There are 2 protein chains.
Amino acid sequence: MTEPILRGDRSAACDELFKALSDGTRRTILEYLVREGEQSVHALTAVSGVSQPMVSRHLGKLKRASLVTARRSGRETYYTARAKGLAPIVRWMAVYGALWSQRFTALEGLDAY
Amino acid sequence: MTEPILRGDRSAACDELFKALSDGTRRTILEYLVREGEQSVHALTAVSGVSQPMVSRHLGKLKRASLVTARRSGRETYYTARAKGLAPIVRWMAVYGALWSQRFTALEGLDAY
DNA sequence: ATGAACCATAACCAATGGGTTATGGGATAG
DNA sequence: CTATCCCATAACCCATTGGTTATGGTTCAT
């Protein structure tokens, strides 16, 4: 097709992150890790509503997106939510939230900015 | 499988949003709309690097995610970025960012919170 | 040494998704 | 009226993905 004149992306990290967060099960797992702290795959399986292999794969994607870290201890693997993981999309939203704010002066009660 | 004991999600809006933002082309289009304001499909096609039907479909998904609005005028359809669209995930990140901040006191220079 | 527990990977399936070209319909220009 | 432009939808292709069950490798307990 036509040339991609606009190349405003350049951020593969955001791709990874948004894709990782776009699945409900994955968000559920991540939220649980954030709230309850480090958990084994076993514990997460009991809580996530899907099979253990699926939990492992979800954790793999979260890890590739730098949203969790893994620590192996004996036969168990403990996963922990990684605070800095959200940074790229926080930054992305800061940039475009700011542009939005500039353009539309009436934000109609959009808080959290 | 086991029962989904943890039901911390309940937010289909975040699903829609994260999924919409997880594609680079879609973010490119959205960023362009944010920066340049209302644009026709024609203009977006010239700039996005993909075919016109694909632009239409991407815009459809952005619209379903409430990230853009459409205004038809004659034979052209003008799309506009919708400021409030990001609100649900801003809120989501505020909640889990806050929990994260509580749990890990050392944020290691994560700004934008 | 055996067996059980925990985890990861493989093999497979149905569904979704990004991409294309082709088509059709409404609005505008000549 | 006809041709053209703009957009959306359809039909199709291939890659990815969420899910499953089956398997294999470690580690722990007995």
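In what follows, every chain begins at residue 1, and chains take the letters A, B, ... in the order their sequences are listed. Computation of the quantities below employed the complete heavy-atom set of this structure, encompassing side-chain atoms and omitting hydrogens, waters and symmetry-equivalent molecules. This one's a predicted model, so the numbers in the text were calculated from it and none came from an experiment.
Proximity of A:S51 to the phosphate of D:dG19: no side-chain N or O atom is located under 4.0 Å from OP1 or OP2. For the pair A:T77 and C:dA8, the criterion of a side-chain N or O lying under 4.0 Å from OP1 or OP2 is met. Contact annotation: A:Y79 does not reach the phosphate of C:dC6 (side-chain N/O to OP1 or OP2, under 4.0 Å).
In this structure, A:M54 is a member of the same hydrophobic cluster as A:Y32, with clusters built from ILVMFWY side-chain heavy atoms closer than 4.5 Å.
Here A:S56 pairs with A:Q52 under the side-chain hydrogen bond (donor to acceptor under 3.5 Å, both in side chains) rule; sequence neighbours left out.
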Only pairs under 3.5 Å count here: list side-chain donor-acceptor contacts from residues 57-66 of chain A, not counting sequence neighbours, and write none if there are none.
unit_1, atom_1, unit_2, atom_2, d
A:H58, ND1, A:R26, NH1, 3.2
A:R64, NH2, A:E16, OE2, 3.3

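Nearest approach of B:C14 to B:W92, heavy atoms of both residues: SG-CB, 4.0 Å.
Counting only heavy atoms from C-beta outward, the side chains of A:L67 and A:L86 approach each other to under 4.5 Å. A:L21 is listed as a side-chain neighbour of A:I89, based on a closest heavy-atom distance under 4.5 Å. B:R27 has its side chain within reach of A:D15: a pair of non-hydrogen atoms, C-beta onward, lies under 4.5 Å apart.
With D:dT20, D:dA8, C:dA8 as the candidates, the nucleotide lying closest to the side chain of A:V50 is D:dT20.
Residue pairs meeting the salt bridge (charged side-chain N to carboxylate O under 4.0 Å, His left out) criterion with at least one partner in residues 66-75 of chain A, sequence neighbours excluded, are A:E38-A:R71.
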Distances under 3.5 Å between nitrogen or oxygen atoms of protein and nucleotides 23-30 of chain C:
none

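Heavy-atom distances under 4.0 Å link DNA chain C to A:S56, A:R57 of residues 55-63 of chain A, given in residue order.
Summary of helix geometry: the two end axes of the helix from C:dA1-D:dT30 to C:dG30-D:dC1, each defined by five base pairs via their C1' atoms, are inclined to each other by 10° (rounded to 10°).
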